[in-house]
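Please read the structure below before turning to the comments.
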Amino acid sequence: MFKKPVLLVIAHGSRDPRHAATVHALVRRVRSLRPGVRVETGFLDFNIPSVQGVLESLAAEGVRDVVALPLLLTRAFHAKADIPAVLRDAPPQLRIRQAEVLGPAPLLLSALERRLYEAGLTPADKSSTGVVLASAGSTDPEAIAVIAEIAREWRHTGWCAVRPAFASASLPRTEDAVRELRALGCERVAVAPYVLAPGFLPDRIARGAAEADVLADVLGPAPEVARVLLERYDAARTPQLSAVSA
């Protein structure tokens with residue numbers, strides 16, 4: 001009988017305990033959506049189990065096929081360098097496919113709106129509300145361009161205006177984007193953190209939102225995020241399924 005590849009969710013890790021707790025909550029939701037798939041979690045830094053440790057344990061159990069899924073919203077340094085380097089050091093008996101990062105994806109925009117509505121907005125507020133799409137930031141031009149494009153796309157769904165902002169490495173900062181939207185004449189300003197879990201940079205975003213009217217929660221274990229994880233998993237394992245059926 002053909003066994004589905006193990007899904008290994010690779011998270012960055014953080015000294016902030018809220019980070020790992022949120023990652024585990026998201027993974028539990030993924031398991032509930034796809035009970036026939038084994039889902040494991042590994043961290044690049046700060047938390048255990050490490051990615052390498054999980055891979056070694058899987059190999060020792062006799063697992064052969066793994067889909068490694070970066071728990072990242074953009075293709076930046078971690079997706080392009082850190083994670084491939086760790087996977088290259090995996091036990092040789094493992095067949096590993098690296099899935100694409102989560103973003104961009106229409107479901108993530110749905111999750112962002114869910115968080116804004118949970119924070120107090122309603123669909124009727126959209127046309128009079130400016131939104132700051134606040135991400136962690138990156139030195140990677142590709143990642144910055146993706147955030148800017150998401151903001152442009154989101155604006156076309158009915159918001160008064162949408163501006164990208166970054167907690168590190170890039171400009172503008174959240175507080176500057178909030179002031180820009182005020183200057184544009186938006187009736188209210190909301191900040192939507194485009195981040196997966198709490199931590200140092202999300203806290204910086206929250207401080208930058210001090211002058212906003214609404215601050216949404218991080219994406220966390222939103223059901224839309226869990227569905228994107230499974231979409232990426234399915235796309236990565238498709239070649240293996242094709243090979244089996246050939």
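- Without hydrogens or angle criteria, Arg97 side chain to Ala236 main chain gives a donor-acceptor distance under 3.5 Å.
- Under a 4.0 Å N-O distance rule, the pair Glu118/Arg115 qualifies as a salt bridge.
- To the nearest 0.5 Å, the span separating OH on Tyr194 from CG on Leu196 amounts to 8.0 Å.
- Checked against Leu69 for a side chain to side chain contact (heavy atoms under 4.5 Å, CB included), the options Ile83, Leu7, Val101 give a single hit: Leu7.
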**Message:** For Glu211 and Arg182: C-alpha separation, side-chain torsions, deciding distance, then whether salt bridge (charged side-chain N to carboxylate O under 4.0 Å, His left out) applies.
**Reply:** CA-CA 10 Å; Glu211 297 178 19; Arg182 290 271 188 231; over 6 Å; no

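- The distance from the CZ atom of Arg34 to the NZ atom of Lys4 is 7.5 Å, given to the nearest 0.5 Å.
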**Request:** Could you walk me through whether Thr129 and Leu121 pass the side chain to side chain contact (heavy atoms under 4.5 Å, CB included) test, one step at a time?
**Result:** CA-CA 9 Å; Thr129 301; Leu121 293 178; 4.1 Å; yes

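- Remark: the backbone N or O of Asp234 is paired with a side-chain donor or acceptor of Thr238 at under 3.5 angstrom.
- Between Leu55 and Leu87, the closest side-chain pair of non-hydrogen atoms falls below 4.5 Å.
- The OG atom of Ser128 sits 4.0 Å away from the CD atom of Glu187 when rounded to the nearest 0.5 Å.
- Shortest non-hydrogen contact noted between Ala90 and Gln52 is CA-NE2, 4.1 Å.
- Considering Asn47, Leu8, Leu71, Val23 in turn, Val23 is the only one that fulfils the side chain to side chain contact (heavy atoms under 4.5 Å, CB included) rule with Thr41.
- Between Arg232 and Leu102, the shortest heavy-atom distance links the atoms NH2-O, 2.7 Å.
- The backbone N or O of Val66 lies less than 3.5 Å from no partner atom in the side chain of Arg95, so there is not a single donor-acceptor pair.
- In the hydrophobic clustering of this structure, Val6 groups with Val86; members are Ile, Leu, Val, Met, Phe, Trp, Tyr whose side-chain heavy atoms approach within less than 4.5 Å, directly or through other members.
- Taking all atoms of both residues into account, the shortest heavy-atom contact from Pro70 to Ala68 is CD-O, 3.6 Å.
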**Item:** Audit row: Arg18, Asp203, side chain to side chain contact (heavy atoms under 4.5 Å, CB included) steps and yes/no
**Value:** CA-CA 11 Å; Arg18 296 174 298 167; Asp203 284 349; 3.0 Å; yes

**Arg75/Glu100 under side chain to side chain contact (heavy atoms under 4.5 Å, CB included): CA gap, chis, key distance, verdict** = CA-CA 8 Å; Arg75 265 183 53 79; Glu100 292 296 329; 3.8 Å; yes

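- Between the side chain of Arg188 and the backbone N or O of Val214, no donor-acceptor pair lies under 3.5 Å.
- Atoms OG1 and NE2, on Thr22 and His24 in that order, are 10.0 Å from each other to the nearest 0.5 Å.
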Side-chain polar contacts of residues 106-113 - donor-acceptor pairs under 3.5 angstrom, sequence neighbours left out - could you list them?
from, atom 1, to, atom 2, distance (Å)
Ser110, OG, Pro106, O, 3.4
Glu113, OE1, Tyr117, OH, 3.2
Glu113, OE2, Lys126, NZ, 3.1
Glu113, OE2, Trp154, NE1, 2.9
Glu113, OE2, Trp159, NE1, 3.2

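- In this structure a side-chain-to-backbone donor-acceptor pair under 3.5 Å is missing from Arg163 to Val131.
- Residues Pro202 and Pro193 form no side-chain contact, since every pair of their non-hydrogen atoms from C-beta on lies 4.5 Å or further apart.
- Of all heavy-atom pairs spanning His19 and Ala11, the tightest one is NE2-CB, 4.3 Å.
- Looking at every heavy atom in both residues, Ala192 comes nearest to Ala216 through CA-CB, 4.3 Å.
- Leu181 forms part of a hydrophobic cluster together with Val132, Val178, Leu184, Val189, Val191, Val195, Ile205, Leu215, Val218, judged by ILVMFWY side-chain heavy-atom separations under 4.5 Å.
- For the side chain to side chain contact (heavy atoms under 4.5 Å, CB included) with Val51, the qualifying choice from Asp89, Ile10, Asp45 is Ile10, the only one to do so.
- Looking at Ser170, its side chain does come within 3.5 Å of a backbone N or O of Ser138 through a donor-acceptor pair.
- Linking ILVMFWY side-chain heavy atoms closer than 4.5 Å, directly or via other members, places Val225 and Leu33 in a single hydrophobic cluster.
- Heavy atoms from other residues, nucleotides or ligands lying under 6.0 Å from CZ of Arg15 number 12 at most.
- If you chain together ILVMFWY residues whose side-chain heavy atoms come under 4.5 Å of each other, Leu201 ends up grouped with Phe200.
- Of all heavy-atom pairs between Pro223 and Arg29, the closest is CA-CD, 3.5 Å.
- Hydrophobic clustering, with ILVMFWY side chains joined whenever heavy atoms are under 4.5 angstrom apart, keeps Phe43 apart from Phe46.
- The NZ atom of Lys80 lies 8.5 Å from the OG1 atom of Thr74; values are rounded to the nearest 0.5 Å.
- Distance OG1/Thr174 to CZ/Arg179: 10.5 Å, rounded to 0.5 Å.
- Put simply, the side chain of Leu219 reaches to within 4.5 Å of the side chain of Leu73, judged on heavy atoms.
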